[in-house]
Amino acid sequence: MAERHHDHEHEEGSTLTEMDLRVRALETILAEKGYIEPAALDRIVELYETKIGPHIGAQVIAKAWCDAAFKQALLDDASKAVATIAQQVGRVGEHLIAVENTPQQHNMIVCTLCSCYPTDVLGLPPTWYKSFAYRSRVVKEPHAVLADFGVTLPADTEIRVWDSTAETRYIVVPMRPAGTEGWSEAQLAKLITRDSMVGTGLAKNPSEVD
Amino acid sequence: MDGVHDMGGMDGFGKVEPEPNEPVFHHRWEGRVLAMSRAIGVFRAWTIDTSRYAIEQMAPAFYLSRPYYEKWFVRNQNLLIEKGVIDADEVAAGRALRPAKNLTRGPFSLADIDKVTKRGSFYRPAQGPAKFKVGDRVRTKNIHPHTHTRLPRYARGHLGVVERLHGTHAFPDSVAAGKGDDPQWLYTVRFDAQELWGADAEPGLKVSIEAFEPYLEHV
């Protein structure tokens, strides 16, 4: 093992870490045996880095803010509703559920057991979502977790936490900020952050964007 | 299993620290591990429940100290060897030493990309009528299997209300044990925080889990 590492370092410089080498070795084995095409892996990485991200969810939420019938369809069956606009937002699979924030109830999403996340609409989860601190605390002290994000809720807003313990995946429909009457869906989408769709943030106010 | 992965309600992990403008991957190898995991998923050499269980079975000190994608990598490599897709001597050599065995599906190529960027379905045909309906009061069972389960510790033995019914899904506890899909009704069950955390719980807080029917009993 050590000898192989030495060889790689000699050939390619010493900046490669042990993980780089171990991962590369496994990829080499799988490719040499014909199980995977490395170009297909390149494409998956590219998709998650550039195409599958929170902008998808933001488009869905912006449409829900503007179109009451779509919002109702989204709350009734999010997978189905999003499929109707899939041409615009990308491919979204099964078991997606949208939950709506109101002045009375603020929703937050977690996976206490692993890292289940609505990847089809938000991309890969950020590190904090997978962190032990978030996973352990949000089901017990969500107000304190929100404080870590700089978020304070009105005193009469109650919190509902959804623990994603099965293959259902949740997305939060944040409240539409005041002062956005007449805005287009594209304008509104800029207010809708990833965190606002997980419940650790709120949609931005108009003053927070250009 | 009652492992360290089952973190709901634990103390001591400190503040949540969001990283501004966080990249999708912090190192190139993380992206390769994610991509390999997705590609391997298409082989159907194992299920998502098997892969979760494999991570749960890692030594607690390893689970708690190693980066997220390193755990994925170790899981992938170990399961690939365990399922006979690759061999341990090939890992040691860093290259293929013998031809591939036939997989159910695969090889994974550019033509398969669509299979990994959209979630598949976990719906399975119902084996019988649902025992519970929306609004029913239920109690989660006090179970402590040594094997994989998706009933978190903090929500065991507690009174809740059925809020949603999601149809019948493959049952992770059975799938991870190699007993097939064993389809079960899936519910959202909501708990008052006081029921879970006692009198000092945050006022007004409600927490729900997705509960498979075998986790529940009538009150």
Side-chain angles (χ1 to χ4, degrees), chain A residues 1 4 19-20 22-23 25-30 32-37 39-41 43-45 47-49 52 91-95 112-114 120 123-124 126-128 130-137 139-143 145 148-149 158-169, chain B residues 5-10 13-19 22 24 28-29 31-36 38-39 52 68 70 73 77 85-86 90-92 94-96 99-100 106-110 112-113 116-122 150 152 154 166 169 186 197 202 204-210 212:
Chain A
M1 199 78 174
R4 182 166 57 81
M19 281 311 298
D20 289 319
R22 293 171 71 197
V23 172
L26 182 59
E27 184 178 332
T28 300
I29 295 164
L30 291 170
E32 286 180 355
K33 288 171 90 81
Y35 288 125
I36 56 169
E37 209 177 87
L41 300 190
R43 181 67 181 147
I44 295 174
V45 170
L47 283 170
Y48 283 109
E49 284 186 327
I52 303 173
R91 305 172 76 247
V92 171
E94 290 281 14
H95 312 306
T112 61
L113 295 173
C114 49
D120 287 359
L124 294 172
T127 298
W128 64 255
K130 303 179 284 190
S131 71
F132 305 148
Y134 184 73
R135 288 168 50 197
S136 62
R137 289 173 57 208
V139 289
K140 193 172 173 185
E141 47 174 12
H143 280 99
V145 169
D148 290 349
F149 286 83
E158 296 187 343
I159 296 183
R160 167 64 182 276
V161 178
W162 303 78
D163 192 353
S164 309
T165 56
E167 296 303 335
T168 41
R169 294 291 176 271
Chain B
H5 69 282
D6 185 356
M7 296 191 148
M10 290 175 74
F13 288 116
K15 290 172 90 74
V16 181
E17 293 173 353
E19 177 186 340
E22 182 179 347
V24 174
R28 184 178 181 277
W29 66 264
R32 306 311 284 182
V33 171
L34 181 279
M36 266 189 269
R38 289 284 199 266
R52 289 196 184 113
Y68 181 79
E70 182 177 339
F73 169 78
Q77 186 162 281
V85 178
I86 63 171
E90 295 178 308
V91 168
R95 60 191 172 85
F108 185 86
S109 72
L110 277 169
D112 300 307
I113 291 291
V116 301
T117 56
K118 177 181 167 180
R119 272 170 71 71
S121 179
F122 290 82
R150 296 293 289 181
Y154 76 88
H166 300 292
H169 289 225
L186 179 66
W197 311 117
E202 286 193 6
L205 171 62
K206 291 184 172 59
V207 178
S208 61
I209 62 165
E210 309 295 78
F212 292 89

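Owing to the predicted nature of the structure, the values given are computational and were not obtained by experimental measurement. Sequence lines set the chain letters: A, B, ... in the order given, protein chains first and strands last, and positions in each chain run from 1.
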So for [X], is it side chain, backbone, both, or neither that comes closer than 4.5 Å to the heavy atoms of chain B?
X      : answer
A:H95  : side chain
A:L124 : side chain
A:V92  : backbone
A:L47  : side chain
A:T127 : both
A:D120 : side chain
A:I159 : both

At a heavy-atom separation under 4.5 Å, does [X] approach chain A through its side chain, its backbone, both, or neither?
X      : value
B:P18  : both
B:H169 : side chain
B:V16  : both
B:L205 : both
B:Y68  : side chain

*Are B:W29 and B:E70 close enough that some pair of their side-chain heavy atoms sits under 4.5 Å apart?*
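In short, these two side chains touch, coming nearer than 4.5 Å.
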**Q.** Heavy-atom side-chain proximity of A:L30 to B:F108 below 4.5 angstrom
**A.**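 Not touching, per the 4.5 Å side-chain cut-off.
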I'd like to know if the side chain of [X] reaches the main chain of [Y], judged simply by a donor and an acceptor atom lying under 3.5 Å from each other, with no hydrogens or angles considered.
X      : Y      : value
B:R119 : A:E167 : yes
B:R38  : B:I113 : no
A:W128 : A:A133 : no

Margin query: Testing the basics here: between B:F73 and A:L26, what is the closest heavy-atom pair and its distance to 0.1 Å?
Written below: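 Closest approach of B:F73 to A:L26: CE1-CD2, 3.7 Å.
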Exercise for review: Go through the side-chain N and O atoms of A:R169 and A:S164 and say whether any donor and acceptor fall under 3.5 Å apart.
Suggested key: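 Per modelled atom types, A:R169 and A:S164 side chains form no pair under 3.5 Å.
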Check salt bridge (charged side-chain N to carboxylate O under 4.0 Å, His left out) between B:E210 and all other residues, then give those that pass, not counting sequence neighbours.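 For B:E210, no residue satisfies salt bridge (charged side-chain N to carboxylate O under 4.0 Å, His left out) once neighbours in sequence are set aside.
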- Would you please name every residue forming a salt bridge (charged side-chain N to carboxylate O under 4.0 Å, His left out) with B:E90, sequence neighbours left out?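 By the salt bridge (charged side-chain N to carboxylate O under 4.0 Å, His left out) rule, B:E90 matches A:K33.
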Quiz item: Among B:V116, B:V33, B:L34, which residue forms the greatest number of heavy-atom pairs with chain A at distances under 4.5 Å?
Solution: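 Going by pairs under 4.5 Å, I would pick B:L34.
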#### Entry: Residue, of B:P152, B:A39, B:G14, B:A96, that accumulates the most heavy atom pairs under 4.5 Å with chain A
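Answer, by heavy-atom pair count under 4.5 Å with chain A: B:A96.
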